[in-house]
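As structure tokens, the structure follows; a few thoughts come after it.
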Amino acid sequence: MAVPGGLRRQPANRGLVSHCTHHHIVVFLLTFFSYSLLHASRKTFSNVKVSISRQWTPSCQNSTSPVKSWLSHLFPSAEEATLFLGTLDTIFLFSYAVGLFVSGIVGDRLNLRWVLSFGMCSSALVVFSFGTLTEWLHFYNKWFYCCLWVVNGLLQSTGWPCVVAVMGNWFGKAGRGFVFGLWSACASVGNILGAFLASCVLKYGYEYAFLVTASVQFAGGVIVFFGLLTSPKEVGLPELGADEDEASVEEDANRPLMGNDDVDDDDQNYSIQATDNDNQPKAIGFFQACCLPGVILYSMAYACLKLVNYSFFFWLPFYLSSNFGWKEAEADQLSIWYDVGGIIGGTIQGLISDVLQKRAPVLAVSLLFAVGSLFGYSRSPNNKPINAVIMAITGFFIGGPSNMISSAISADLGRQDLVKGSSEALATVTGIVDGTGSIGAAVGQYPVSLIQENLGWMWVFYFFILMTSSTIVFISPLIVREIRLLLHERRLRMLAE
């Protein structure tokens with residue numbers, strides 16, 4: 001018995017290796033480092049908070065100039081300055097989340113290269129104004145800082161939907177999990193880069209940390225504007241669908257790895273098709289994108305998971321310092337192991353999902369192990385090597401799925417069969433998924449601080465376990481569907497032997 005074409009197991013890397021050109025490598029590197037630079041500027045702000053707080057509060061060491069010292073007294077105490085810095089984090093996350101929904105729609109209607117370059121360069125100017133220009137002019141105003149950080153969140157939101165859309169245009173389903181798993185390490189690389197740049201110049205003043213980061217980001221935006229190719233057709237290469245049809249790949253490259261095979265005929269009639277008279281793909285609307293299979297479920301799941309992931313980003317160094325009494329510099333260095341685990345987890349789990357040609361079961365297994373690793377890390381002893389190992393394992397099982405949902409799965413959702421006639425959906429879908437996740441991350445930061453203050457760190461980890469379990473619950477319909485498909489395919493292959 002012949003196995004149906006859609007059920008034949010395709011080598012995960014066959015299409016990737018056979019169609020990779022130097023253009024693919026350039027696109028991979030440009031999108032990787034463009035988002036790394038955006039993340040580096042966020043990390044710089046986190047790294048210089050102590051210096052900013054010191055500058056904004058009364059201290060005879062703030063400056064030798066009495067005028068500068070008087071002007072810099074925004075707050076009577078360091079505690080109030082720290083609280084305001086936390087408020088800026090929340091403002092940024094909410095504006096970033098709102099911007100993601102808008103940026104995705106804009107990215108699908110305008111040239112992705114223009115939108116990404118504009119966001120990088122404009123954000124660099126805002127960061128320069130926030131941290132460098134205000135310090136040089138000795139201008140300190142809380143409302144001005146808040147307005148700048150709202151604008152910065154909106155501008156930075158142009159990054160992720162655009163880079164995921166560009167990557168989705170260049171890299172098809174064959175090997176997408178592995179490629180996007182490796183590529184999604186850009187955020188972690190940006191964190192490391194931001195910490196490195198800030199540490200190199202912080203001794204001269206925190207304003208120079210912002211100056212260097214903003215300058216590098218602006219230069220990156222210029223390079224993106226002149227060097228980034230948003231799709232293969234710009235250099236005369238066939239687009240993904242046409243290319244893989246010519247290569248006789250039985251399973252369509254635009255079909256997501258989320259088990260749409262069992263969609264009823266009535267559901268298939270709900271295709272968002274472009275008119276026959278219009279050969280150019282049209283961008284779909286926001287509500288149409290929300291109605292695509294899997295978008296809402298993965299968005300809600302990512303809201304829970306990004307809450308946990310970003311809580312580690314914001315709170316891990318503080319937890320290590322307050323809970324174990326380790327020095328702040330040591331805690332900062334040790335916290336890198338969480339990012340390392342996430343990089344490895346996203347790459348390996350993406351590769352496994354390519355082999356299985358299904359994403360949800362891989363996520364489910366990883367998140368189940370994440371629950372156990374969170375419970376284990378909450379009881380980690382006061383020992384740095386052991387803590388680092390458990391931390392890396394936790395990052396593997398939490399950061400890995402987070403990277404997969406925000407990159408590979410978002411690309412799958414934006415290139416599924418229902419939008420074949422309107423392929424300009426990648427940025428919109430990515431903005432919806434990541435925007436919902438950012439709202440969850442923003443809302444969750446206050447409960448984390450409240451639980452820690454009233455109940456202690458152990459209950460914070462219980463809260464993380466609850467959110468991770470909620471992630472599994474949201475994608476459980478997709479897990480059941482894809483497991484059924486895997487078993488069905490296995491039975492057909494056994495009958496064919």
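Computation of the quantities below employed the complete heavy-atom set of this structure, encompassing side-chain atoms and omitting hydrogens, waters and symmetry-equivalent molecules.
- Side chains of V443 and F94 form a contact here, defined as non-hydrogen atoms less than 4.5 Å apart.
- At least one side-chain heavy atom of V216 sits less than 4.5 Å from a side-chain heavy atom of L37.
- Between V27 and V166 the shortest side-chain heavy-atom distance falls below 4.5 Å.
- Contact of the N169 side chain with the L112 side chain is registered, since non-hydrogen atoms from C-beta on lie closer than 4.5 Å.
- Residues Y204 and L211 are not in side-chain contact: their nearest non-hydrogen atoms beyond the backbone lie 4.5 Å or more apart.
- Between H23 and W170, the two ring planes are tilted [angle within 30° to 60°].
- What you find for A97 and G435 is that their closest heavy atoms are CB-O, 3.6 Å.
- Crowding of F32 atom CZ: a count of heavy atoms from other residues, nucleotides or ligands under 6.0 Å exceeding 12.
- Distance check, rounded to the nearest 0.5 Å: OG of S117 to CZ of F226 gives 8.0 Å.
- Looking at Y140 and T134, their side chains never come closer than 4.5 Å, going by heavy atoms from C-beta outward.
- Of the possible donor and acceptor atoms, none in the side chain of S402 sits under 3.5 Å from a partner among the backbone N and O of I398.
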Could you go through the side-chain contact (heavy atoms from CB on, under 4.5 Å) check for M167 and V163 one step at a time? CA-CA 6 Å; M167 284 289 292; V163 293; 5.6 Å; no
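- F464 pairs with exactly one of F312, F397, Y310 by the ring pair (Phe, Tyr, Trp, His ring centres under 6.0 Å) rule, that one being F312.
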Apply the test side-chain contact (heavy atoms from CB on, under 4.5 Å) to residues F84 and C146: give CA-CA distance (whole Å), side-chain angles for both, the deciding distance (0.1 Å), then the verdict. CA-CA 10 Å; F84 179 70; C146 289; 3.7 Å; yes
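- Aromatic ring pairs are classed by plane angle as parallel below 30°, tilted from 30° to 60° and perpendicular above 60°; the pair F139 and F144 is perpendicular.
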Taking it one step at a time, do Y208 and T132 satisfy side-chain contact (heavy atoms from CB on, under 4.5 Å)? CA-CA 7 Å; Y208 292 98; T132 305; over 6 Å; no
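- With sequence neighbours left out, the ring pair (Phe, Tyr, Trp, His ring centres under 6.0 Å) criterion links F33 to no other residue.
- Taking each heavy atom of A187 and H39 in turn, the nearest pair found is O-ND1, 3.6 Å.
- By the 4.5 Å heavy-atom criterion applied to side chains, F396 and I348 are counted as neighbours.
- Between H24 and F28, the ring centre distance reaches or exceeds 6.0 Å.
- Rounding to the nearest 0.5 Å gives a distance of 7.5 Å between OG1 of T213 and CG of L193.
- Checking side-chain atoms of E135 against main-chain N and O of E207 turns up no donor-acceptor pair under 3.5 Å.
- The backbone N or O of G119 sits nowhere less than 3.5 Å from a side-chain atom of S122 that would complete a donor-acceptor pair.
- Side-chain N or O atoms of T436 include none that pairs as donor or acceptor with a backbone N or O of S299 at under 3.5 Å.
- Counted within 6.0 Å of CZ on F118, heavy atoms from surrounding residues, nucleotides or ligands total 12 or fewer; the atom is thus considered open.
- Y145 has its ring centre less than 6.0 Å from the ring centre of F130.
- The backbone N or O of C186 sits less than 3.5 Å from a side-chain atom of S36, completing a donor-acceptor pair.
- A donor-acceptor contact shorter than 3.5 Å is absent between the side chain of D339 and the backbone of S188.
- The CD1 atom of I479 sits 7.5 Å away from the CG atom of L363 when rounded to the nearest 0.5 Å.
- T158 places no side-chain N or O within 3.5 Å of a backbone atom of L154 that could act as its donor or acceptor partner.
- A pairwise comparison of heavy atoms in N309 and G399 identifies OD1-CA, 4.0 Å as the closest pair.
- The OG1 atom of T468 sits 9.0 Å away from the CG atom of L307 when rounded to the nearest 0.5 Å.
- Cation-pi contact between K306 and Y302: absent, since separation from the ring centre below 6.0 Å together with deviation from the ring axis within 45° is not met.
- Taking both residues in full, the closest heavy atoms of R113 and T230 are given as N-CG2, 3.5 Å, listed atom of the first, atom of the second, then distance.
- For the atom pair CG (L466) and SG (C304), the distance works out to 8.0 Å, reported to the nearest 0.5 Å.
- Annotation: the span from Y96 atom OH to W160 atom CH2 amounts to 8.0 Å, rounded to 0.5 Å.
- Here the shortest heavy-atom pairing between S123 and L155 reads N-CD1, 3.7 Å.
- In the displayed structure, W149 atom CH2 is contacted under 6.0 Å by more than 12 heavy atoms of other residues, nucleotides or ligands.
- Q156 and S41 make their closest contact through NE2-OG, 2.7 Å (heavy atoms, listed as atom of the first residue, atom of the second, distance).
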Is there a side-chain contact (heavy atoms from CB on, under 4.5 Å) between L367 and L305? Walk through the geometry before answering. CA-CA 9 Å; L367 291 171; L305 188 59; 3.8 Å; yes
